Peer 1: 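To start, I am sharing the structure in question, which I have written as structure tokens.
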Amino acid sequence: MNINWTGPYPGPKKVTVKEVNQMFDVTHKKLARGTILKVLNIGQPQPVPAHVIDICLIQRGLPMTESFLESQLQYLVDKGYIETQDTCFEKAENPVLTVRLKAKGIDLLEHSIEEDPGIIIPRE
């Protein structure tokens, strides 16, 4: 086998810290989305309070701000995988945001539909 270089070997591509952070951010989002779906699947068919999802993400090494969590939940709502609702509990002063897995979300977790490139479902 002959390899013909037209010039000097360029070496590995140089990547900036900003590019690494952007790649990490995208992977973090995708993994968080998949983890959210898995947490909701455990609670199925009951809705899960958003603060419980937050705790589970922290336990799995995926801490996030409230606004970041809200944006990931909205992504999953927009894709049709989950639904959210403000729920009034008997002893709670304010409504609590609850999240429920929809049929499409179950299908994604069970690999019954095409994989979503915006979601990484962790193996466990």
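No hydrogens, no waters, no symmetry mates; every other heavy atom, side chains included, goes into these values. Model, not experiment: these values are computed from the prediction. The chain is numbered in sequence order, starting from 1.
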Peer 1: Determine whether a donor-acceptor pair (N or O, by modelled atom type, separation under 3.5 Å) exists between the side chain of K38 and the backbone of I121.
Peer 2: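 Not a single qualifying donor-acceptor pair exists.
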Peer 1: With Q59, which residues qualify under side chain to side chain contact (heavy atoms under 4.5 Å, CB included), at least two apart?
Peer 2: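 Only I55 meet the side chain to side chain contact (heavy atoms under 4.5 Å, CB included) criterion with Q59.
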Peer 1: Calculate, to the nearest 0.5 Å, the distance between atoms CG and NZ belonging to L62 and K29 respectively.
Peer 2: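 Reported to 0.5 Å precision, the distance equals 13.5 Å.
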Peer 1: Are I113 and I82 connected in the hydrophobic side-chain network, where two residues link if heavy atoms are under 4.5 Å apart?
Peer 2: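 Yes, it is one cluster - the side chains of I113 and I82 are joined through contacts under 4.5 Å.
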Peer 1: Can you find a pair of side-chain heavy atoms, one from L76 and one from V99, that are under 4.5 Å apart?
Peer 2: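 They are not in side-chain contact.
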Peer 1: With rounding to the nearest 0.5 Å, note down the distance linking CD in Q44 to CG in L37.
Peer 2: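 The CG atom of L37 is 11.0 Å from CD of Q44, to the nearest 0.5 Å.
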Peer 1: Using side-chain hydrogen bond (donor to acceptor under 3.5 Å, both in side chains) as the criterion, list what pairs up with D78, not counting sequence neighbours.
Peer 2: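 By the side-chain hydrogen bond (donor to acceptor under 3.5 Å, both in side chains) rule, D78 matches Q74.
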Peer 1: Can you name the nearest heavy-atom pair linking V39 to C56, along with the distance?
Peer 2: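 Heavy atoms of V39 and C56 come nearest at CG2-CB, 3.7 Å.
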Peer 1: side-chain hydrogen bond (donor to acceptor under 3.5 Å, both in side chains) with D116: which residues, sequence neighbours excluded?
Peer 2: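 side-chain hydrogen bond (donor to acceptor under 3.5 Å, both in side chains) list for D116, sorted by chain: K79, Y81.
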Peer 1: Mind listing the side-chain donor-acceptor pairs of residues 64-72 below 3.5 Å, one per line with the distance, residues two or more places apart or on another chain?
Peer 2:
| residue | atom | partner | partner atom | Å |
| --- | --- | --- | --- | --- |
| T65 | OG1 | S67 | OG | 3.3 |
| T65 | OG1 | F68 | N | 3.1 |
| S71 | OG | F68 | O | 2.7 |
| Q72 | OE1 | R33 | NE | 2.8 |
| Q72 | OE1 | R33 | NH2 | 3.2 |

Peer 1: Among all residues two or more places apart in sequence or in another chain, which pass the side-chain hydrogen bond (donor to acceptor under 3.5 Å, both in side chains) test with T84?
Peer 2: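 Residues passing side-chain hydrogen bond (donor to acceptor under 3.5 Å, both in side chains) with T84: none at all.
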Peer 1: Using side chain to side chain contact (heavy atoms under 4.5 Å, CB included) as the criterion, list what pairs up with P63, not counting sequence neighbours.
Peer 2: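 Testing P63 for side chain to side chain contact (heavy atoms under 4.5 Å, CB included), a comparison that skips the adjacent residues, returns I58.
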Peer 1: What are the two closest non-hydrogen atoms of T35 and P122, and how far apart are they?
Peer 2: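 That would be OG1-CG, 3.6 Å.
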Peer 1: Taking I106 as the starting point, is it possible to reach I120 by hopping between hydrophobic residues whose side chains are less than 4.5 Å apart?
Peer 2: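 Yes, because I120 and I106 connect within a single hydrophobic cluster, where side-chain heavy atoms sit under 4.5 Å apart.
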Peer 1: Which residue, L31, V48, I53, forms the side-chain contact (heavy atoms from CB on, under 4.5 Å) with I36?
Peer 2: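 Answer to the side-chain contact (heavy atoms from CB on, under 4.5 Å) test with I36 among L31, V48, I53: I53.
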Peer 1: Who pairs with E83 by salt bridge (Lys or Arg N to Asp or Glu O under 4.0 Å), at least two apart in sequence or on another chain?
Peer 2: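 Residues passing salt bridge (Lys or Arg N to Asp or Glu O under 4.0 Å) with E83: R100.
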